[in-house]
Amino acid sequence: MPVQKVNDSSDLDAKVPSHLQRTSITSLTITSEPSHRCVKAKVVHKGPVISCAQKDGVEMLRAEIREEDPLQRAAEHTSINVIFFGTLAKDFSQSARQGDVVLLADFAIKKSPSFLRDKLHPCQLEMDGDNACVYVWPSVAPSYGPSTSEAKYTYVPLNMLKPKTVVNVYGVVTFFKQPFPSKGSDYCSTLKITDQSDVKVGCNIFSKKLEDHPVIIRVGDIIRLHRFKTDVFRDSMSLLNTYGWSTVSFDGTVDSPVVPRTSSKSFHFEESDKRIVQELRQWAANQSWISNELTVSLSSVQPGMYFDLTCQLLAKAVMDSRCILLKVWDGTKCQHPLLNVAVASDALEGESTVPKDRMNLTANILVYDNHLEVARDLKPGTFLRFYNLHSLLQRAPDQLPDQPNHLSFHLHGGTSYGRGLRSLPAESPDLQSLKSALEKHVDLDEYDEVNDGTLLEIWYTPPEAVVLPNDEETDAGDTGPSYTVRTCEHNSQRLTLAQVKRSTPPLSCHIRAHVKKYKPQQLYQCLKLFCSNCKTLTDVPDDSAVAKVFRESAKDNQPCDEQWAATSSASSREPGRTISMHISRDMVGESTHMQLIFVEGTTLDEICVLSRDYKNLVPVRSVNGRMTLMDLTAPFLFSGDKRYYGCKRCSLNTFQSPVFTGVETWDEQAIAEALGVQLMQYRLLIQFELEDQTDTLEALLWENAEKFFHVSAVDASGSQDLQDKIQTIMDTIQPPDSSLEERPWLDLCLSVYAVKDNDRNQVCYQIDNTEIKEE
DNA sequence: GCTTAGGATTTG
């Protein structure tokens, strides 16, 4: 453990092994015997860890330490450079910082190569190997995190730069070139930066490694340069990276998050950096050279322009040794017809662009010469920015003389005007608007691309080899008649299920799929009760539950006696149970008087028998002599074949004084209102597991279910025939025990929508605007 | 311990 921390100064002295002799820095000479000596001093400068090319990439760190013994204040050479090597350099970098007191032991004493320049000390100390050790007494309480463990950097305003000094600066980028190969051994980045002093300073960065170059995306980005050397070139100051250099860049948008862009894994960044970035952003926003920046999209590009384009790579093809074709889009439609550069499909890497070509969305960009190196490595799907892209009108090969010329794009060779291209980092702010523009076209689907791909292949096949596809040879896999027909009027593109799953709701689309499974398997369970008021959805109670309510209600009943009702009673076969029928006195004498009868004391079976002869029967029970509705688990109304239920949650208890006047025809709705019952609707609900070649997906048949089956849910509730009809349809579209091939295709219109479920957005699918074909 | 570039439209 070569670097150790101690708690105080005396601790530091106690750590000195007894064989070591404390030596003052001023007294060190090149001939001093280094062994058994140690020095104690304060760190006044700590450099970064750098990798030394001359020493096989070994890591090095330079620090300057100063002896602060008051007695020696007037003495010369109280400071000395210390070079740490290898792991010691890294350890020291992490453990010590400016202001700490350190004790160094077992160093080597070497001639200082910088003495003439820095006048510090004729010697320097070199800390290397296993013996050398360092004790550190932190100057203040230890702190945590990288932001405070290093010396604070000072930044020089750009108008204060002095020639031949090494500085740290901040600036707003006013011009830049993406890194390009220099004539020497490195890549070169060229930038011009400015700051609140309004002085513009040119800057060149040389590095063999592309990833070490700063990520500059647009004019207005902010860059921080550490350890850059100043010099005068053509009467103005310029900056060049020097040993231990680093750069960090930031987006320049006011109020956007301050996110450092760097390839470095560890770098110094603190609150003050954030403030500097925000101040520069604010200042730059009011400068004309930045506020005049305009964004050009494919929809706004004009012929002859040089402009920057943010886009996504769709496909690429090598044209020749000096030219690559990049097919891109930005989701906007060009006002001018876009030139399509025809490439054989086997030479094209990436998706077919045919559907997008057709909508004039694909820009064909020819990339030349020095830009090939970047273009070659790009993968389709990558988000890109082109700089100084040239748009020009060109005559298409097959173009008739009176047709308009087509717009083509060239990224010419060279780097003038910052010409170049780069892939965009994921957090780039341009990306959000680009992605949302692209998402507007999710309906340009693979289905079309499959077919268009087939067309393309045919296009490139010599005429004699063209074979018209017949049924056997067509293996798109989704042909054949559909058992359903879409009734929607919109003209959405057809998507595969995989595409549907990738899409962003809300969306309406068309699909072609089989039904792999469905729920409920017991189809009568697909009949549901739905309260349109509180949206409660429940199963229709089964007969045993309803019969139980009737039995309980009829137990020990005494016929109720209501002023508003005329009653007739009869004994049942069971002792102690009286069956009573009541009608409203209001209705006596009206034509409607037999339309609504209240029945008390029956079993479920008995009221079913009675309902053959009477139109509307409301089962009631007696509670302390007063007529009361039954528990709403049971139907509140028997009407012919149908039973109607009330919502337990929403029904009001207004039965005490029912009003039966002014109604011409008693239907379930009128009766529910008179009784203060919230009528529940019958609905059909089935969950399909849909399947195509790409994926499976669970979709509900709900709002559209009655239209789908051509069956009314309420009618089905009272009709075995209609229930059988639903069963037959289901057996057709999903024959029991069928294989995939035996299941027919369904053309479906599908709604994709988001539902909040426990505060999480869940995507749901519902079959819409689709009906079964009836022969 | 210091070459490269140091902005300034291809001509396909």
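We name chains A, B, ... by the order of the sequence lines, and we start the count at 1 in each one. The model shown is predicted, which means the values in this text are computed figures rather than measured ones.
Distances from the side chain of A:D186 to the nucleotides B:dG12, B:dT10, B:dT4 place B:dT4 closest. Each of B:dT9, B:dA5, B:dT10 was ranked by its minimum atom distance to the side chain of A:Y417; first place goes to B:dT9. Out of B:dT3, B:dG7, B:dT9, the shortest distance to the side chain of A:T190 is found at B:dG7.
By the stacking rule of 5.5 Å between ring centres and under 30° between planes, A:Y368 stacks on the base of B:dG12. Put simply, A:F206 does not rest on the base of B:dT3: the two rings are not both less than 5.5 Å apart at their centres and under 30° in tilt.
Between A:T174 and A:S182, the residue anchored nearer the 5' end of DNA chain B, judged by the nucleotide with its closest heavy atom, is A:S182. Remark on DNA chain B: of its neighbouring residues A:Y306 and A:P181, the 5'-side contact belongs to A:P181, judged by nearest-heavy-atom nucleotide.
Using modelled atom types, one side-chain atom of A:N370 and one backbone atom of A:G414 make a donor-acceptor pair closer than 3.5 Å.
Annotation: the span from A:R358 atom CZ to A:T353 atom OG1 amounts to 10.5 Å, rounded to 0.5 Å.
For DNA chain B, the neighbouring residues in residues 225-242 of chain A, judged by any heavy atom under 4.0 Å, are A:K229, A:F233, A:R234, A:S238.
Base engagement by A:G413 is indicated by at least one non-hydrogen atom pair under 4.0 Å involving a base atom. Across all strands, A:C323 comes closer than 4.0 Å to no nucleic acid atom at all (heavy-atom distances).
Taking the C1' atoms as reference points, B:dT10 lies 23 Å from B:dG6, given to the whole Å.
As a whole-Å value, the separation of A:K208 NZ from B:dT4 P is 13 Å. Rounded to a whole Å, the NE2 atom of A:H213 is 13 Å from the P atom of B:dA5. Atom CG in A:D308 sits roughly 13 Å away from atom C1' in B:dT9 (whole-Å rounding). One interatomic measurement links the two molecules: CG of A:L210 to P of B:dT4, which rounds to 20 Å at whole-angstrom precision. Going from atom NZ of A:K183 over to atom C1' of B:dT3 covers 12 Å, rounded to whole Å. Residue A:Q178 contributes atom CD, which lies 14 Å from atom C1' of B:dG7 at whole-angstrom precision. At whole-Å resolution of the value, CG in A:N370 and P in B:dT4 are 19 Å apart. The nearest whole Å value for the distance from the CG atom in A:L191 to the C1' atom in B:dT4 is 15 Å.
Cation-pi geometry between A:K177 and A:F180 is met: under 6.0 angstrom from the ring centre, within 45 degrees of the axis.
Salt-bridge check for A:R261 with A:D221: passed, with a basic side-chain N closer than 4.0 Å to an acidic carboxylate O.
If you look at A:Y155 and A:H226, their ring centroids are closer than 6.0 Å. A centroid separation of less than 6.0 Å is found between the aromatic rings of A:Y387 and A:F176. Taking the six-membered ring for Trp and the full ring otherwise, A:H336 and A:H406 have centroids separated by 6.0 Å or more.
In this structure, A:K177 reaches the B:dA8 phosphate: one of its side-chain N or O atoms is under 4.0 Å from OP1 or OP2.
Side-chain contact between A:W245 and A:L240: absent, with no pair of heavy atoms (C-beta onward) separated by less than 4.5 Å.
At a cut-off of 3.5 angstrom, counting only N and O atoms as typed in the model, there is no donor on one side facing an acceptor on the other between the side-chain of A:D320 and the base of B:dG12.
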